K.L.:
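Here it is, the structure, as structure tokens.
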Amino acid sequence: MYSNVVVPRHWTRLSCLCRSLTSLEGQKVPQTAKSSDGISPPPRIRRGPTDILQALAATVGTDPTAAHYKYHDDPYLIPLSNFRKRAYALSAEAGRKAAAWIRDEHADLFTTREWDPPNKAKTPYFNADPHIKAFEPKPIYNDESKVTEADLQYAIKNALIEDSTKVFQLLGGVEGVNDELKLQFLQLLCFYNEKEPDSMEWLEERWFAANTRDRQATTWRVGGLAEKIFQSLEPKTSEAYCAIIQGMAKYYQAERAHMLASEAIEKGLQLSTSVYNSLLACVGFLREGTQMRIEALKSTLAQMNEQGISPNSETLSACLKSISAWGGGKALQQVALQVVAEFRKLGIEPGLAAYYYLLCVFCKERGPRYDLLSTMINDLEKKQSLVATEPADTNFFITAMGVCSDHLQNMDLAERLHNLLMKDDNYKLVGDAYKESIFYRHYVTVTCRLAPFEKTVEILDTLIPNVYVPEPSVMEEIIKTLEVGGAGDRLAQAWSQLVVFGHARRARLVERLLDAMCNTYQGQDEEIKAKMRSAATDILNFGIMSEEQEETKELRTPGQKLSASALCNIVDMCSDAKDKADPGWQTVNAALQKLGREEAAGVPAKPQVLADVAQKAVAIGQPAIAAAAVTYLAECGFEEAMSASVQVLSTMLNRPESEVEALLGQQHSSLTGALHPSAMAIAEAYSIAKTGAPVQRESSSSSSDSDSESSDDE
Amino acid sequence: MNTSIIKLVQHSLGVSGVLGQCSPALASQLHTSAPLCRVVSGKYRITKKRDKPLTYEMANPPHYIAHRKSWNSWNTSNLKDGLRRSETALEDEFIRRFMTGTWHGLVCSEIIVKRQFNHIRVAGIIRRAVSPTKMYFLLGYTEELLSNWLQCPVTLELQTVDSFKDVVFKYI
């Protein structure tokens, strides 16, 4: 563009421009340099191949209303419970694994390289672009294959442990390979402990198996190939020592690692910082007892100093890792603080991993509170960006949130921590899906307990269900919060959430929900009341349905049944109907029948509710329901049964209570036939309640039978 | 049109004999089959009972492409100087057969193959006849195997419907 303007006139200018252009390419233009026409283009910034994509991606925030991108965007395929989330993710990965198995099993079919030109003709263009290394056909090695050192180099470079071992043997073992390659191979073996690593591809499986992965035990393969290769190396260079020591230390062969280290020092070989880091991380395996271990740690650090090796931030986290693994206590906390202060003096600030270990040392479940976290968050908020350098970095956020919710119980800190995680690109530090859900479990718990109601509801609405699905314990917290907030419609919704999340069979949770609904029922709008009633009806029907299912399928673990109090709550809510034809009465009837058949555990906590319901039912013209309620009360032996039966009967017969009492005092047989069957049932209940007769009495069993059908056959 | 005539002239002169061999772009200019099948290709015969179900895509004959319906393969191979023409066509057919075979009896629509850069997106409508878990298995399997076979990233973009009836546009 410039040249078009300039060329025709001044050759001097052109040469000047050419110079500036060439230097632009080399990024050497100082800002102050001005071309003679007063235009100074800014220096060129070199961009990576994905820089534009990253810039574009930065403009798009995460959408909490959408499912995670690993799930397919279709209503049928979006998971809504924790179980489904895990099942779907693992299924997709199982499918991918099956495909990978087929590829490996029939590797002879996957040998073409799409990007090669057709018929391997020498055309100026490649057939397809770009070349993707991961999809390249992999070389197959067996006993007959002819291999060269290049093959070994390839296998080592791609971290193919089994292939490289095979090639190494084919090349003639320790004698057949040159020292440099042997050293590389040794480094590979030491890093992975001669085991094929879990592929980075199978993320979900790693998440699923994460609990068994991270244990501290001596897993180093004694007398394996790595040690043989190390023995064969002559002279043993410091690189060889570094490799084998780090391998041993990584897999907790602590004694020998330290022995080899001192051997190397005796020989006058230079060890690296990372060797000392790995030695420090396993120093606790050398000694027993806190004091001895602290001394060992200190002596290793002193040794490091003698050797003139400068520590780095990983040294700090290695020290703290060791300390945190030795338990708690004042002494260790003291040492941890000393170490951090010492490293601060050297200009090494603790990273996320170091913070994580510090939290582990200080913030124990039981014990005095230490507010380390606020200073940590202050510090982290000041940082430009958080970069993950160690695997333990991803533990920081969940641990910190756990400290917020259990140890410090501080909503402010939790909020700040969450904001920190959401800032920029920090979300990648949350770890895998398992850690993510633990993080949100703590966050939601602390929010429910401490945040104001509106704030809580807002957070719940954004997080649930796509980002996080609450576990039963958290769900209980949420219900408690909603109850305190008096949010009736949300409680009614909570039931459908319980169904969707797969918690609907947990009787305790459902009982808790019914309790909360019952407590907030009064004082709601009519519309919301109707919603709550229908939710209660739904709960009852769901219980009946799942029981039927259990009977037909004979499940091994039968679900728990709702307690009598919970059923009473249902009765209480559903009986709030003005109309005889209201469907609520059917629910009441069904619930009372369930109670009468003694299908519910325990006895109601609030018997007065049933007495009220009986009164209401008879007033509205549902004598059968009233009779069922009163009979149940009498059978359970509640005091309310007597007064309730008298009241109900007086309403039913439209006589004053005293007259009814006199009537009830008559001979039992004289009443038979004179009264309506429901009234008769109530009279029966009265006599049970009055004489305090046990439930096993003949008449009671017949009356309970009649309740379950109708009150006609008495 | 003009260019292809020139190419034909060149061919008859024997100038491009060598050229035509080494460049597939020149060799594929002449088409002979499409006009012959103009009357029947891409159209469905009406049955006696008028009970043959057609999807929207099937109900519209080929001359409605770009008017009422869209292409089933999206790529730039057939533009001028496009790369990998025959390979693209063959791969698309492979993807279609692979999909209908792997998602056996589940695919309710044509398989749409969209290529952007080196990324292949495969779209289709699937019946909800198997559980979501199994669908996810097939999803993972198809994506992984196809991307290994075609050696580029392959993404499935599926939609599900309750039954085949949901995609029936009319009966003929």
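To find a chain, count down the sequence lines: A is the first, B the second, and so on, and within it residues start at 1. Note that this is a predicted model, so its numbers are computed, not measured.
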K.L.:
Can you tell me if CG on A:L53 sees more than 12 non-hydrogen neighbours from other groups inside 6.0 Å?
P.N.:
yes
K.L.:
Can you list the residues of residues 95-113 of chain B that sit under 4.5 Å from chain A, counting heavy atoms only?
P.N.:
none
K.L.:
Locate the shortest heavy-atom distance separating A:F135 from B:N148; write the atom from each residue and the value.
P.N.:
CD2-OD1, 3.7 Å
K.L.:
Does any heavy atom of chain B fall under 4.5 Å from the side chain of A:K70, the backbone, both, or neither of them?
P.N.:
backbone
K.L.:
Please check if atom CD in B:Q159 has more than 12 non-hydrogen atoms from other residues, nucleotides or ligands closer than 6.0 Å.
P.N.:
no
K.L.:
Is B:Q151 in contact with chain A via its backbone, its side chain, both, or neither, using a 4.5 Å heavy-atom distance?
P.N.:
both
K.L.:
Taking all atoms of both residues into account, what is the closest heavy-atom pair of B:T160 and A:Y76, and its distance?
P.N.:
OG1-CB, 3.3 Å
K.L.:
Of all residues at least two apart in sequence or in a different chain, which pass the salt bridge (charged side-chain N to carboxylate O under 4.0 Å, His left out) check with A:K157?
P.N.:
none
K.L.:
Any pair with a residue in residues 108-128 of chain B that passes ring-ring contact (aromatic ring centres under 6.0 Å, His included), sequence neighbours left out, goes on the list, sorted by first then second residue, please.
P.N.:
none
K.L.:
Please say whether more than 12 non-hydrogen atoms of neighbouring residues, nucleotides or ligands are located less than 6.0 Å from CZ in A:R441.
P.N.:
yes
K.L.:
side-chain contact (heavy atoms from CB on, under 4.5 Å), that's the test. Do A:D74 and B:I126 meet it? Break it down for me.
P.N.:
CA-CA 11 Å; A:D74 184 274; B:I126 300 293; over 6 Å; no
K.L.:
For the candidates A:A134, A:A94, A:A100, A:A99, which exhibits the highest count of non-hydrogen atom pairs separated by less than 4.5 Å from chain B?
P.N.:
A:A99
K.L.:
Can you say whether B:S131 sits under 4.5 Å from chain A via the side chain, the backbone, both, or neither, judging by heavy atoms?
P.N.:
backbone
K.L.:
Counting only heavy atoms from other residues, nucleotides and ligands, does the tally under 6.0 Å from CG of B:N78 exceed 12?
P.N.:
yes
K.L.:
Taking ring-ring contact (aromatic ring centres under 6.0 Å, His included) as the definition, give me every residue that meets it alongside B:W74, ordered by chain and number, with sequence neighbours left out.
P.N.:
B:W71
K.L.:
Are there over 12 heavy-atom neighbours, none belonging to B:Y56, within less than 6.0 Å of that residue's OH?
P.N.:
yes
K.L.:
Side chain, backbone, both or neither: which part of B:E91 has an atom under 4.5 Å from a heavy atom of chain A?
P.N.:
side chain
K.L.:
Between B:L150 and chain A, with a heavy-atom cut-off of 4.5 Å, which part of the residue counts as in contact: side chain, backbone, both or neither?
P.N.:
backbone
K.L.:
Provide the closest heavy-atom pair for A:A87 versus B:T133 in the form atom of the first, atom of the second, distance.
P.N.:
O-CG2, 3.9 Å
K.L.:
Is atom CZ of B:F94 surrounded by more than 12 heavy atoms (other residues, nucleotides or ligands) closer than 6.0 Å?
P.N.:
yes
K.L.:
Is B:L139 in contact with chain A via its backbone, its side chain, both, or neither, using a 4.5 Å heavy-atom distance?
P.N.:
side chain
K.L.:
Do B:Y136 side-chain atoms and A:L77 backbone N/O form a donor-acceptor pair below 3.5 Å?
P.N.:
yes
K.L.:
So how far is it from B:E144 CD to A:I102 CD1, rounded to the nearest 0.5 Å?
P.N.:
11.0 Å
K.L.:
Taking all atoms of both residues into account, what is the closest heavy-atom pair of A:P75 and B:R128, and its distance?
P.N.:
CG-NH2, 4.5 Å
